Amino acid sequence: MAQYTRVSGSVGLITLQSPPVNALSAAVRQGIVDSMQRALSEPEVKSVVICGQNGIFSGGADIKEFGGQMSGPPLIPMIHAIEAASKPVVAAIEGIALGGGLELALGCHYRIAHSKARVGLPEVTLGLLPGAGGSQRLPRLIGVPAALDLITTGRYVTAAEALKFGLVDQITDHNTVNVAVKFAQRVAGQPLDARRISTYPCLCPPDVDVLFEEVMQRVRRTARGAIAPIACVQAVRAAATLPYNQGMERERELMATLFTSGQTRALQYFFFAQRAVGRWSMPSGARWDTSKPRPVHKAAVIGLGTMGRGITVALAQAGFSVVAVETQEKQLMEAKQAISGMLERGAKRRGVAPALDKINYGCNIQSVADVDLVIEAVFEDMALKKKVFQQLSAVCKAGTFLCSNTSGLDIDQLACQTRNPELVVGMHFFAPAHVMKLLEVVYGPKSSPLAVATAMQLGKKIGKVSVAVGNCRGFVGNRMLKPYLEQALFLLEEGATPEFVDQVLEEFGFAMGVFRMSDLSGLDVGWKVRMADGLVVPNSTTGQATRLRQGRRYSPLGDLLCEQGRFGQKTGRGWYQYNKPGSQVAKPDPWLHSFLDEYRARHTLVARRIDHQEVLERCLYSMINEGFRILEDGIAAGPEDIDIIYVFGYSWPRHRGGPMFYATTVGLNKVLERLEHYHQAHPDVPSLQPCDLLRKLVASGSPPIQKWREVIKKVRSQL
Ligand SMILES: CC/C=C\CC(=O)SCCNC(=O)CCNC(=O)[C@H](O)C(C)(C)COP(=O)(O)OP(=O)(O)OC[C@H]1O[C@@H](n2cnc3c(N)ncnc32)[C@H](O)[C@@H]1OP(=O)(O)O
């Protein structure tokens, strides 16, 4: 709702009241319409101020209303009526003015912002465009180039930047509402024609066509199939080329297309999923709201390879004191130099001082004795990690949390090496750890809610999206990756090329196809794991046994490449060839194609034509099937956890919501039917066998994803 009061005798004050972010719900819109009518009809009122309660102007349209029947007064005529009002209307912007909130402020005749306020049009991140006149008013107010930037990226700007753009008229460090009220008194009675943004001409630079072309190309390149950024450019182009009313018509048409697209539904789901993962729970019943974290002031990182360096930078940049340990003097010096460089470059980008003094380097594990939390990031080797955990347990003060950055080893085995296994959790970062947003916080059977809460809070403080997951091989992300990689290899055996598989996956929206990604990560990483698991049989080039392990189909293709020293980008050869080791430009490799031909001939495999659909279905549905198993096993509490992990950690296209949400858009019955089909064709591939939870969801009528937790609960209670 909105509250109407009269202040200072002649100013009508409209306060938006809809906690927590004063979203423009039907009730708020109705409140604004009613209050405006009152303010305009009261002769004593000479001007109006619109503000939001609790120091927040507005977080925009109420996203929860998008799915349902719209009720209450629509936003566009409401904003037009404000702009057309005969009395000056001033927006007093505190906290945030986002999306529809900023569009409302753009309908006002003046905007006063607090110096700490942030404004923006983030609709593009929800698969929309600023469809309440924002795409037409903003370019008229701040010019086409700046409007294109804000609207296509959805980025927020500070009050200072907004003032520079001319987006706000004044900023203040004082009480914004008081300043706005005084301002409103001053401008009462002044002519308003020059204050109505919709009447402004749209100022374009001379080379505006070139600008639109460049922006459109950039947007198409980076959108990975998302349609909203393209619609945003088209809407701003309409502002630049058409009279206001026609531009509004174009905005409406584009908005209608976006609104009915599956992409906006996926992105709205993703918005709420991002918030849902913070409300973690464990199978024991421990939860985010009943488990208090302990403050961490000083942390340590053990092992300063690629991951350890990134983690150290992430911690130092967030203001933590860090003890960084590498036992070999030479490696320590190299790491120190690399970390300092990373901090300096990061600080330069953000215009702050580098946090070099936050880090103490040492060769001795004894130097971590007084820290509150340790993150072990040594080689992915269980014996080595166990030794480190034994040492940490002996050295650290009582109560220190011991965390491992393992990407898939058993957390419980590490916990068992320590005196206090309840203080042990996994903190699985993704490379580069100071850049990638995802953190899997892994609880073992002995991990305490205190340890989970502390790791989750630390993740938040260093800017990560943290997801609490259970302990199993590969946790959530890497466990689901296994069937995906496996299917990609099987497709090569059956006739596909790495280029074709990658092309299909990249057209789907992945930043990188599976083979380009493997070349980037290094083929030797998985090879070592498979060797440790006893899956690699060296020099076994023929015979049925080469393609079977433990009764299941197995492709040795990756092992065979590694035997040739082809580890990917770092060796200049992998699934692709590169100009030189370390180069990132992947080129198809004729050697690889002959190698695949010879391999198929040796194993009497006849290459067949594989189409887009088969690549997508086999790679993605096998992965989704594993996601259902993960839910069934209680390793992830809900589908949102999996989707967040895949978008933030594995470049799953956000506009498709994540693998589990994607399954709902395909239709669970279709996913089930195709898995059954492929499993029948490949009975020796267990990952294609549809899991029980998927069958149960289909049997219960494929409920919406928000209801899956109930079905999962029922399935788990029957176990
Ligand atoms: C015709 C169409 C016209 C206009 C289109 C639009 O306006 S689309 C909406 C554009 N606005 C946004 O995209 C803003 C989205 N919100 C945010 O970015 C952040 O929530 C915000 C406002 C910066 C606050 O961040 P903070 O970290 O402080 O809190 P949190 O994100 O956890 O949000 C708190 C709870 O508020 C809910 N919420 C936030 N924004 C909206 C919204 N616009 N509509 C509905 N609900 C919103 C959010 O889900 C949280 O709820 P909870 O139940 O606690 O999860």
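The model shown is predicted, which means the values in this text are computed figures rather than measured ones. Note: hydrogens, waters and symmetry copies are ignored here, and every other heavy atom, side chains too, is used. All ligand and atom numbering here is 1-based and tracks the order in the structure.
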* To do: Evaluate side-chain contact (heavy atoms from CB on, under 4.5 Å) for Thr454 paired with Gln457, printing each intermediate quantity in order.
  => CA-CA 5 Å; Thr454 303; Gln457 192 192 54; 5.8 Å; no

* Measuring from Lys64:NZ to Phe271:CZ, what's the distance to the nearest 0.5 Å? -> 8.0 Å

* Look up atom CD in Gln30 and atom CE in Met1, then write down how far apart they are to the nearest 0.5 Å. => 12.0 Å

Protein heavy atom under 4.0 Å of [atom]:
| atom | result |
| --- | --- |
| atom 25 (O) of ligand 1 | no |
| atom 20 (O) of ligand 1 | yes |
| atom 28 (O) of ligand 1 | no |
| atom 8 (S) of ligand 1 | yes |

Mode of [X] contact toward ligand 1 - side chain, backbone, both, neither (heavy atoms, under 4.0 Å):
| X | answer |
| --- | --- |
| Pro122 | side chain |
| Asp62 | both |
| Phe259 | neither |
| Ile96 | side chain |
| Leu128 | neither |
| Leu126 | side chain |

Could you identify the single nearest non-hydrogen protein atom to [atom] and state the distance to 0.1 Å?
| atom | answer |
| --- | --- |
| atom 43 (N) of ligand 1 | Ala61 O, 2.9 Å |
| atom 54 (O) of ligand 1 | Arg279 NH1, 3.9 Å |
| atom 40 (N) of ligand 1 | Val21 CG2, 3.5 Å |
| atom 44 (N) of ligand 1 | Ile63 N, 2.9 Å |
| atom 50 (C) of ligand 1 | Arg275 CD, 4.3 Å |
| atom 23 (C) of ligand 1 | Leu98 CD1, 3.9 Å |
| atom 46 (N) of ligand 1 | Lys64 NZ, 3.8 Å |
| atom 35 (C) of ligand 1 | Pro20 CG, 3.5 Å |

Test your reading of the model: is there a side-chain donor-acceptor pair from [X] to the backbone of [Y], 3.5 Å cut-off?
| X | Y | value |
| --- | --- | --- |
| Thr257 | Glu253 | yes |
| Gln17 | Gln53 | no |
| Thr264 | Leu126 | yes |

Out of [options], whose heavy atom sits nearest [atom]?
| atom | options | value |
| --- | --- | --- |
| atom 1 (C) of ligand 1 | Glu103, Glu65, Met70, Met255 | Met255 |
| atom 5 (C) of ligand 1 | Gln268, Glu123, Glu251 | Glu123 |
| atom 11 (N) of ligand 1 | Gly99, Gly59, Ser18 | Gly59 |

Show the atoms of ligand 1 that are less than 4.0 angstrom away from any heavy atom in [X].
| X | value |
| --- | --- |
| Phe272 | 49 (O) |
| Gly100 | 4 (C), 6 (C), 7 (O) |
| Gly60 | 7 (O) |

* Asked: Under 6.0 Å between ring centres, would you say that holds for Phe66 and Phe259?
  -> yes

* To do: Establish, for the pair Arg265 and Tyr269, whether the NZ or CZ atom is under 6.0 angstrom from the six-membered ring centre and no further than 45 degrees off its axis.
  => no

* Asked: Quick one: do Arg709 and Glu640 make a salt bridge, cutoff under 4.0 Å?
  -> yes

* **Glu249 bridged to Arg252 by N-O distance under 4.0 Å** => yes

